[in-house]
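The structure under discussion appears below in the form of structure tokens.
Note that the structure is predicted; figures quoted are calculated from it, not measured. One-based numbering, in listed order, for ligands and for the atoms of each.
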Amino acid sequence: MTGVRVHCPESLEEATSLLGELDDAMVYSGGTAIQIMRKQGLLLAQHYVDIGRISGLRDLTATSDDLTVGALVPLRRMEKDPQVRRHAPLAAEAYGQAAHPRIRNTATSGGNIAYADHRLDPPTSLVVLDATVHLASTAGTRNVPIREFFTDFQKTAVEHGELITAITVPRQPDGARGSFTKLLSLGESDWPCASAAVLAVPDGDIVEIRLGLGAVAPTTVYLTFDITPDMDEQQAVDAAVDIANSAMDPIADVRGSAAYKAHLGRVAVEEAVRRSLKELPRD
Ligand SMILES: Cc1cc2nc3c(=O)[nH]c(=O)nc-3n(C[C@H](O)[C@H](O)[C@H](O)COP(=O)(O)OP(=O)(O)OC[C@H]3O[C@@H](n4cnc5c(N)ncnc54)[C@H](O)[C@@H]3O)c2cc1C
């Protein structure tokens, strides 16, 4: 990059000091979004803090309860890694549908959520799975539930001087089944017009339905409701579509009008709910 300074800290302490001291510094991870925004003249930052040399940020560790994903773990690893596929298959499915393999090889898990686009695929699964984002700055560390992380259109809870170090993803509950549906109107590896991640979690007679919606509102949306024993599958689908519909506020663009995106949002929810329910273990 010309006309800018790229800093390459060797430690988290050095990185957070730079981010705290410099007014217009940006974290540089995979660079997939930054490079495009620079080419489009949308980024005026003079300092980039490339975190690629900091050890530990590429680690992916699994316990019996959760997965901790370093901020530099590529999207492609989230799609393919056997631990992710075993512990959080819904996340592996959503990460595996973001953009195309070339982007997924370079783009990072931290950069993905920091980018904060309302159409991102992985966050729909992360809100459903109740992930936690770990942040660091010179003031110390803090954790933010992903359900509170996306605060407004293209805005997150990351404050000046902070960077994302990791995301913790709880293991999918025993017996739960998930499904991710992404609907597009342009090329097959394009941004979605609408997407829905659904997790059906059995709890006695009740099935809790958790819904994460992408591209149909200014931020990723999280919703939940219960299917009670008196409801058949069609009533469950109708309830999911109703609750999703009330939260939709799509932004019209080259991919479709607001009405078209809301329609695709309802279709995505229906498809993901039906597929999740079909996979639930029967007594
Ligand atoms: C052609 C194209 C198509 C795409 N299609 C899709 C799609 O269909 N679905 C989808 O989900 N995504 C899509 N994306 C978005 C892609 O997922 C993001 O570009 C990518 O995840 C960003 O990660 P990165 O590591 O490259 O971030 P970078 O480009 O390095 O950074 C992006 C932003 O995040 C900040 N940042 C990066 N890392 C951190 C960190 N650790 N802490 C704090 N801030 C940080 C940067 O300062 C910058 O503001 C597409 C992107 C492109 C270029």
Side-chain angles (χ1 to χ4, degrees), residues 1 4 6-7 9 12 15-16 18-20 22 24-40 42-54 56-58 69-79 91 93-127 133-137 141-142 144 149-150 154-167 180-195 197 212-215 219-220 255:
M1 285 188 280
V4 299
V6 180
H7 305 262
L12 202 52
T16 51
L18 283 162
L19 290 168
L22 299 165
D24 68 344
M26 288 185 84
V27 178
Y28 188 98
S29 290
T32 58
I34 287 178
Q35 292 291 355
I36 286 192
M37 288 190 285
R38 280 196 65 79
K39 281 182 194 143
Q40 292 172 337
L42 299 174
L43 278 190
L44 302 175
Q46 289 302 301
H47 295 272
Y48 290 87
V49 178
D50 181 339
I51 59 175
R53 293 186 186 171
I54 301 173
L57 298 185
R58 285 190 175 76
V69 180
L72 291 179
V73 170
L75 307 191
R76 186 71 161 163
R77 183 161 179 209
M78 293 301 287
E79 170 191 1
E93 196 182 348
Y95 275 91
Q97 291 197 40
H100 51 77
R102 218 149 45 93
I103 299 275
R104 293 202 293 278
N105 274 323
T106 311
T108 66
S109 309
N112 182 260
I113 57 169
Y115 187 39
D117 194 288
H118 63 294
R119 301 162 300 178
L120 291 168
D121 299 305
T124 60
S125 65
L126 297 178
V127 293
V133 183
H134 305 283
L135 299 163
S137 70
T141 58
R142 68 185 180 109
V144 178
F149 182 78
F150 301 104
Q154 294 182 338
K155 287 198 167 44
T156 69
V158 179
E159 290 174 1
H160 174 75
E162 282 187 319
L163 65 86
I164 298 163
T165 55
I167 305 169
F180 176 70
T181 298
K182 173 174 179 170
L183 300 175
L184 310 98
S185 62
L186 298 181
E188 69 173 37
S189 55
D190 189 41
W191 291 97
C193 270
S195 64
L213 307 180
T219 62
T220 305
R255 291 171 181 84

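Contact between Gly52 and Leu72 at its shortest, heavy atoms only, is CA-CD1, 3.8 Å. Across Ala45 and Val4, no two heavy atoms sit closer than the pair O-CG1, 3.6 Å. The minimum heavy-atom distance linking Val69 with Ser109 is given by the pair CG1-OG, 3.7 Å. Summarising the geometry of Ser29 relative to Thr108, their closest heavy-atom pair is CB-OG1, 3.4 Å, with the distance given to 0.1 Å. Smallest separation of non-hydrogen atoms from Ile113 and Phe149: O-CE2, 3.6 Å. Summarising the geometry of Leu12 relative to Ile54, their closest heavy-atom pair is N-CG2, 3.8 Å, with the distance given to 0.1 Å.
Here is the list of ligand 1 atoms found below 4.0 Å of a heavy atom in Met26: 47 (O), 48 (C), 49 (O). Residue contact check: Pro122 has heavy atoms under 4.0 Å from atoms 11 (O) of ligand 1. Proximity to Gly30 (heavy-atom distance under 4.0 Å) selects the following atoms of ligand 1: 24 (P), 25 (O), 26 (O), 30 (O). Of all atoms in ligand 1, listed by their number and element, those nearer than 4.0 Å to a heavy atom of Asp190 are 8 (O). Residue-ligand proximity, Asp121 to ligand 1, at heavy-atom distances under 4.0 Å covers atoms 7 (C), 8 (O), 9 (N), 10 (C), 11 (O). Listed by number with element, the atoms of ligand 1 under 4.0 angstrom from any heavy atom of Leu163 are 42 (N), 43 (C).
Side-chain atoms of Lys182 do not come within 3.5 Å of backbone N or O of Asp121 as any donor-acceptor pair. Under a 3.5 Å cut-off, the side chain of Thr106 and the backbone N or O of Gly30 do not form any donor-acceptor pair. Arg104 places a side-chain N or O within 3.5 Å of a backbone atom of Ala98 that can act as its donor or acceptor partner. Formation of a donor-acceptor pair under 3.5 Å by the Ser185 side chain with backbone atoms of Arg255 is found in this model.
An N or O contact shorter than 3.5 Å links Ser29 to ligand 1 by distance. Taking distance alone, with nitrogen or oxygen atoms compared against 3.5 Å, Asn112 approaches ligand 1 more closely than that limit. Between Thr108 and ligand 1, at least one pair of N/O atoms sits closer than 3.5 Å. Taking distance alone, with nitrogen or oxygen atoms compared against 3.5 Å, Ile164 approaches ligand 1 more closely than that limit.
Counting protein heavy atoms only, atom 32 (C) of ligand 1 is closest to Ala33 CB, 3.8 Å. Protein heavy atom nearest atom 51 (C) of ligand 1, with residue, atom name and distance: Trp191 CZ2, 4.1 Å. In terms of protein heavy atoms, atom 4 (C) of ligand 1 is closest to Ala99 CB, 3.5 Å. Scanning the protein heavy atoms around atom 46 (C) of ligand 1, the nearest turns out to be Val27 O, 3.0 Å. From the protein, the heavy atom lying nearest to atom 27 (O) of ligand 1 is Gly111 CA, 3.6 Å. The nearest heavy-atom contact from the protein to atom 53 (C) of ligand 1 is Ile36 CD1, 3.3 Å. In terms of protein heavy-atom proximity, atom 19 (O) of ligand 1 is closest to Thr32 OG1, 2.8 Å. Of all protein heavy atoms, the one lying nearest to atom 36 (N) of ligand 1 is Ala114 CB, 3.5 Å.
The shell of residues lying under 4.0 angstrom from ligand 1, judged by heavy atoms, includes Ile51. Distances from ligand 1 to the non-hydrogen atoms of Ile103 include at least one value under 4.0 Å. The closest approach between Lys182 and ligand 1 falls below 4.0 Å for a heavy atom of the residue.
Relative orientation of the Tyr28 and Tyr48 rings is perpendicular, given thresholds of 30° and 60° on the angle between their planes.
For the side-chain contact (heavy atoms from CB on, under 4.5 Å) criterion with Ile164, the lone passing option out of Val144, Val133, Asn112 is Val133.
The residue among Tyr115, Tyr95, Tyr48 with a heavy atom at the shortest distance from atom 33 (C) of ligand 1 is Tyr115.
Contact annotation: the side chain of Met78 approaches that of Val73 to within less than 4.5 Å [non-hydrogen atoms, C-beta and beyond].
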